[in-house]
Student: 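Below is the structure I would like to discuss, written out as structure tokens.
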Amino acid sequence: MRSLAYVDVLSPKTLEEALEILDENKGDIRVLAGGTDLILQLRKSTSFNGKLVNIFSLDQLRYIRLEGTNVKIGALTDFHTIAESPIIQKHAPFLADAARWIGSVQILNKASIGGNIVNASPAADSLPALYVLEATLTLQSKAAKRHLPISEFYKGYKKLDLRPNELLVEISFNSVKENQIGMFFKHGLRQGDAISVVNGAVLLEVTPGSHVVRDARIALGAVAPTVVRAKEAEAHLKGKKLDEKTMSEVSELVVTSISPIDDVRGSAVYRAEMCKNYVYMTLWKIAEVLRS
Amino acid sequence: MRLRLSKQFSFVLNGEAVTVTCPPAYTLLEVLRHVLHLTGTKDGCSSGDCGACTVLLDGRPVHSCLTLISQVEGRNVVTVEGIGENVPKCYAEEGAVQCGYCIPGFVVTTAAFLEENPSPTEDEIRDALRGNLCRCTGYVKIVNAVKKAAGGIG
């Protein structure tokens, strides 16, 4: 791995200054947040000749707020803070759970949710939870601010709807309702600190009492160039109870939404099989919670 | 040949204010070992997998190999050299050390963990150390050392 001794790093003191720098250096500059993935990428890269804009010290982008039923997370908030946040634990518990399993203690302390989103790994562990929450991203440039549903942010493998002068500043979503229940799942090759072979999140809205599924959201990671929603599986769940037959049918249906690849962490066939199994197990766990 | 960049950075290291002049994209690990010659912090994998380079940044364990000196400006860093005697002593007494290369990372992670959780369960200990790898001894004696440091045994 090469040293980054020849790479310049600009360290703005305010968000305004950071946006100014991005505006002046369009495309020739990478944003350094927590850096737990970027630093490694750059040290392995032989082609990077740009600069870095270091936003790590912009504490104004570190917050978790509840405004009415809307949860707002500043883009620099680290995953330790998210996992431990009473607001997240109450209003999006499966996001807290996902945050907890993103990596080692050391990674959680430094890696930011904004970095996880912009880094755009299809295996990023915060993304399935944010997809089922239908989170909104706030992108800010020197001149303007815009809001985008997270699913529209990804245009393909590591292709983003992010202009060179824009910075992701906030992630927001509606808190989970009383009759909604969600869960995150992850299959990695090492429990403490592993890139996911498959991951995902399920969020169901059920009719109180009868537990008939009113609305279902299933997001799957590491099985396509971007995180995907399993639309056919979701549709099949609506209006049904979580019985054995429904859970089996739904988990089989997820394969219509995915296009896994072979790589060092697992084969495409293995991924598809694990994806089906984990969706089944997650539905089973949700059914257990509903019964109790 | 490109000119090597140099900038000045000030931070608190093991309780003392320090200023270094070095490339702004040097990792904190490079600065500790090659500029300040504090070689207690080890370079195991250079990729954030092994935890040997763990230091405390504002009191919390992070990988110094995945931290740039630019991110450290104005902050507080503690390395294994700045950790009190109790934790290293317990590691030695429990025979938790074989080759020793991973131990500074374990010691730093343990010290921060016990600060937060002075009487942990074994599960909590194993969870807190999940980002630190030892390839010599296994983890039983390491876990015993943490228990001892917490006042659990001995």
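Proteins come first, then strands; the chains are lettered A, B, ... in the order of their sequence lines, and each starts at number 1.
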Student: Can you tell me how far CE of A/Met1 sits from SG of B/Cys65, rounded to the nearest 0.5 angstrom?
Tutor: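 B/Cys65 SG to A/Met1 CE: 7.5 Å, rounded to 0.5 Å.
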Student: Any ion pair linking B/Asp127 and A/Arg100 (charged N to carboxylate O, less than 4.0 Å)?
Tutor: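 Yes, this pair counts.
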Student: Looking at every heavy atom in both A/Val7 and B/Pro24, which two are closest together, and how far apart are they?
Tutor: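 So the two residues come closest at O-CG, 3.8 Å.
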Student: With side-chain contact (heavy atoms from CB on, under 4.5 Å) as the test, would you mind laying out the steps for B/Glu30 and A/Leu4 before giving the verdict?
Tutor: CA-CA 10 Å; B/Glu30 285 172 298; A/Leu4 300 176; 6.0 Å; no
Student: Which bit of A/Leu52 comes within less than 4.5 Å of chain B, counting heavy atoms only: side chain, backbone, both or neither?
Tutor: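 The answer is the side chain of A/Leu52.
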Student: Sub-3.5 Å donor-acceptor pair from the side chain of B/Gln71 to the main-chain atoms of A/Gly34, do we have one?
Tutor: yes
Student: Got a sec: does the NZ of A/Lys44 have more than 12 other heavy atoms crowding it under 6.0 Å?
Tutor: no
Student: Taking everything shown except A/Glu24 itself, do over 12 heavy atoms lie less than 6.0 Å from its CD?
Tutor: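 Above 12, so yes.
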Student: Report which part of B/Cys45 has an atom under 4.5 Å of a heavy atom belonging to chain A: side chain, backbone, both, or neither.
Tutor: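 Backbone only.
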Student: For residues A/Ser104 and B/Gly131, report the shortest heavy-atom separation together with the two atoms involved.
Tutor: CB-CA, 3.3 Å
Student: Going from CZ on B/Arg130 to CH2 on A/Trp101, what distance comes out if it is rounded to the nearest 0.5 angstrom?
Tutor: 5.0 Å
Student: Please state whether the side chain, the backbone, both or neither of B/Thr54 comes within less than 4.5 Å of a heavy atom of chain A.
Tutor: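 For B/Thr54, the contact with chain A is made by the side chain alone.
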Student: Which atom names give the shortest non-hydrogen contact between A/Ala5 and B/Pro23, and what distance separates them?
Tutor: O-CB, 3.4 Å
Student: Is a side-chain donor or acceptor of A/Arg43 paired with a backbone partner of B/Leu66 at a separation under 3.5 angstrom?
Tutor: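 No, because the side chain of A/Arg43 does not come within donor-acceptor range (under 3.5 Å) of the backbone of B/Leu66.
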Student: Quick one: what part of B/Arg126 sits under 4.5 Å from any heavy atom of chain A, side chain, backbone, both or neither?
Tutor: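 When you check distances to chain A, no heavy atom of B/Arg126 falls under 4.5 Å.
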Student: Considering only heavy atoms and a distance below 4.5 Å, find which of B/Ile69, B/Leu129, B/Val62 pairs most often with chain A.
Tutor: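 Maximum pair count with chain A is reached by B/Val62.
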Student: Could you tell me if A/Asn54 and B/Glu73 have a donor-acceptor pair between their side chains, going purely by distance under 3.5 Å?
Tutor: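 Distance-only check fails for B/Glu73 and A/Asn54.
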Student: Mind checking the CG-CD1 spacing from B/Asp49 to A/Ile107? Nearest 0.5 Å is all I need.
Tutor: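 Taking CG in B/Asp49 and CD1 in A/Ile107, the distance rounds to 7.5 Å.
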Student: Between CG of B/Asp58 and NZ of A/Lys110, what distance do you get to the nearest 0.5 Å?
Tutor: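 Taking CG in B/Asp58 and NZ in A/Lys110, the distance rounds to 11.5 Å.
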Student: For B/Ser6, which atoms come within 4.5 Å of any heavy atom of chain A: side chain, backbone, both, or neither?
Tutor: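 B/Ser6 has no heavy atom closer than 4.5 Å to chain A.
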Student: Heavy-atom count around A/Tyr157 OH within 6.0 Å, excluding the residue itself: above 12?
Tutor: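 Atom OH in A/Tyr157 is not crowded, with 12 or fewer foreign heavy atoms closer than 6.0 Å.
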Student: Could you look at B/Cys22 and say if it's the side chain, the backbone, both or neither that has a heavy atom under 4.5 Å from chain A?
Tutor: neither
Student: Test side-chain contact (heavy atoms from CB on, under 4.5 Å) on A/Asn109 and B/Leu57; report intermediate values, then the result.
Tutor: CA-CA 9 Å; A/Asn109 280 335; B/Leu57 183 62; over 6 Å; no
Student: Counting only N and O atoms by type, is there a donor-acceptor contact under 3.5 Å from the side chain of B/Lys7 to the main-chain atoms of A/Val9?
Tutor: yes
Student: Which heavy atom of B/Leu68 sits nearest to which heavy atom of A/Leu32, and what is that distance?
Tutor: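 Closest pair (atom of B/Leu68, atom of A/Leu32, distance): CD1-CD2, 3.8 Å.
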Student: Please step through side-chain contact (heavy atoms from CB on, under 4.5 Å) for the pair B/Arg60 and A/Val105, ending with a clear verdict.
Tutor: CA-CA 9 Å; B/Arg60 288 158 61 186; A/Val105 172; over 6 Å; no
Student: With a 4.5 angstrom heavy-atom cut-off, is it the side chain or the backbone of A/Ser57 that approaches chain B, or both, or neither?
Tutor: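 For A/Ser57, heavy atoms of backbone and side chain both lie under 4.5 Å from chain B.
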Student: Count the heavy atoms belonging to other residues, nucleotides or ligands that lie under 6.0 Å from CG of B/Leu29, then report whether that count exceeds 12.
Tutor: yes
